[in-house]
Amino acid sequence: PILYSYFRSSCSWRVRIALALKGIACDVVPVNLLKDEGQQFSAEFKAINPMQQVPALKIDGITLSQSLAIIHYLEDTRPNPRLLPQDPKKRAQVRMIADHIVSGIQPLQNLSILKQMGEKKTEWAQNCITSGFQALEQILQHTAGRYCVGDEVSMADLCLVPQVANAERFKVNMDPYPTISRINKALLELEAFKVSHPSRQPDTPPELQA
């Protein structure tokens, strides 16, 4: 498999965690979202992903984009360890939390939006993340065990950790979100989350390496 990734991309990080958890070795091809006015806009990469976004994964003779679609495919074809609970209610909760982050928070503060916000980008990102985290904290108080839903790592956790990293990068005060913070801390102790971390990627700048 070949993963087209950017070290700081939260969407790429979700997929890197899934690959690490499932023990799938892959070649990482870095796509620098800032260099050369954005390598994702090159004709070469547009042929791989017409949406000109990372991640993209070449696997089993197909090319997939969109992080959750990729993770669902990995779940369907390589089901161990499981990232979606068997219980239908828990499975729905995992998907709800993942969607809350993937649709309701992350796109509002991603690179293309922030470019348009100019000098107000930090304030905008903080507001988007804060409003999303207020809701998420409330949801997790009902669903969480050690992790987002019960005591097993799920797709929801793969979405949570990169989003918390974004919050920290934009200096969001995490004090009002003790459940989010507790789960995030527990997840960052797991090997799959460590090896997939932005500070340990082939394209991580030297000053940001772990």
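Because only heavy atoms are used, hydrogens play no part in the values below, and waters and symmetry mates are left out as well, while side chains stay in.
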Is Arg82 paired with Glu75 through a side-chain N to carboxylate O contact shorter than 4.0 Å?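 Salt bridge absent between Glu75 and Arg82.
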
Give a yes or no on whether a salt bridge exists between Lys58 and Asp27, defined as a side-chain N under 4.0 angstrom from a carboxylate O.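 Salt bridge: no.
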
same_hphob_cluster([X], [Y]) at 4.5 Å side-chain heavy-atom cutoff:
{"X": "Val15", "Y": "Ile59", "answer": "yes"}
{"X": "Val102", "Y": "Val172", "answer": "yes"}
{"X": "Val195", "Y": "Ile24", "answer": "no"}
{"X": "Ile70", "Y": "Ile62", "answer": "yes"}
{"X": "Leu158", "Y": "Tyr6", "answer": "no"}

How about [X]: does its [atom1] atom have over 12 heavy atoms from other parts shown lying under 6.0 Å from it?
{"X": "Glu152", "atom1": "CD", "answer": "no"}
{"X": "Lys115", "atom1": "NZ", "answer": "yes"}
{"X": "Glu44", "atom1": "CD", "answer": "no"}
{"X": "Lys121", "atom1": "NZ", "answer": "no"}
{"X": "Glu191", "atom1": "CD", "answer": "yes"}
{"X": "Glu37", "atom1": "CD", "answer": "no"}

Say you draw a straight line from [atom1] of [X] to [atom2] of [Y]; how long is it, rounded to the nearest 0.5 Å?
{"X": "Arg16", "Y": "Arg200", "atom1": "CZ", "atom2": "CZ", "result": "11.5 Å"}
{"X": "Leu84", "Y": "Asp76", "atom1": "CG", "atom2": "CG", "result": "8.5 Å"}
{"X": "Gln40", "Y": "Lys46", "atom1": "CD", "atom2": "NZ", "result": "12.5 Å"}
{"X": "Ile105", "Y": "Thr130", "atom1": "CD1", "atom2": "OG1", "result": "9.5 Å"}
{"X": "Ile180", "Y": "Glu137", "atom1": "CD1", "atom2": "CD", "result": "5.0 Å"}
{"X": "Asp157", "Y": "Ile101", "atom1": "CG", "atom2": "CD1", "result": "8.5 Å"}

Pairwise side-chain contact, [X] with [Y], heavy-atom cut-off 4.5 Å (strictly under):
{"X": "Tyr4", "Y": "Val28", "result": "no"}
{"X": "Ser9", "Y": "Gln53", "result": "no"}
{"X": "Pro176", "Y": "Gln134", "result": "no"}
{"X": "Val153", "Y": "Ile17", "result": "no"}
{"X": "Gln163", "Y": "Leu160", "result": "no"}
{"X": "Thr122", "Y": "Lys171", "result": "no"}
{"X": "Tyr177", "Y": "Leu140", "result": "no"}
{"X": "Cys159", "Y": "Leu68", "result": "yes"}

Leu114/Phe170 under side-chain contact (heavy atoms from CB on, under 4.5 Å): CA gap, chis, key distance, verdict: CA-CA 12 Å; Leu114 293 181; Phe170 290 115; 3.3 Å; yes

What heavy-atom pair brings [X] and [Y] nearest, and what distance separates the two atoms?
{"X": "Asp60", "Y": "Tyr73", "result": "OD2-OH, 2.5 Å"}
{"X": "Val94", "Y": "Ala156", "result": "CG1-N, 3.6 Å"}
{"X": "Ala144", "Y": "Ile183", "result": "CB-CD1, 3.8 Å"}
{"X": "Ile113", "Y": "Leu108", "result": "CG2-O, 3.3 Å"}
{"X": "Ile139", "Y": "Met96", "result": "CG2-CE, 3.7 Å"}
{"X": "Phe193", "Y": "Leu188", "result": "CB-CA, 4.3 Å"}

Main chain of [Y], side chain of [X]: is a donor-acceptor contact present, judged purely on distance under 3.5 Å?
{"X": "Arg91", "Y": "Pro85", "answer": "yes"}
{"X": "Thr143", "Y": "Cys148", "answer": "yes"}
{"X": "Ser103", "Y": "His100", "answer": "no"}

Using the side-chain contact (heavy atoms from CB on, under 4.5 Å) rule, take Tyr147 and Leu187 through it: C-alpha gap first, then chi angles, then the decisive distance, then the call. CA-CA 7 Å; Tyr147 306 122; Leu187 289 163; 3.5 Å; yes

How would you list, by chain and number, every residue that makes a side chain to side chain contact (heavy atoms under 4.5 Å, CB included) with Lys35, sequence neighbours excluded?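 Lys35 satisfies side chain to side chain contact (heavy atoms under 4.5 Å, CB included) with Asn32, Gln39 only.
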
Can you list the steps and then say if Thr63 with Leu57 is a side-chain contact (heavy atoms from CB on, under 4.5 Å)? CA-CA 6 Å; Thr63 302; Leu57 182 68; over 6 Å; no

Let me see the working for His72 and Leu83 under side-chain contact (heavy atoms from CB on, under 4.5 Å), right down to the final yes or no. CA-CA 9 Å; His72 275 294; Leu83 296 177; over 6 Å; no

Contacts table for residues 203-210: side-chain donor-acceptor under 3.5 angstrom, sequence neighbours left out:
unit_1 : atom_1 : unit_2 : atom_2 : d
Asp203 : OD2    : Phe7   : N      : 3.0
Thr204 : OG1    : Pro198 : O      : 2.5
Thr204 : OG1    : Gln201 : N      : 3.0
Thr204 : OG1    : Gln201 : O      : 3.0
Gln209 : NE2    : Thr204 : O      : 3.0

Excluding sequence neighbours, so at least two apart, what forms side chain to side chain donor-acceptor pair (under 3.5 Å) with Lys90?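 By the side chain to side chain donor-acceptor pair (under 3.5 Å) rule, Lys90 matches no residue at all.
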
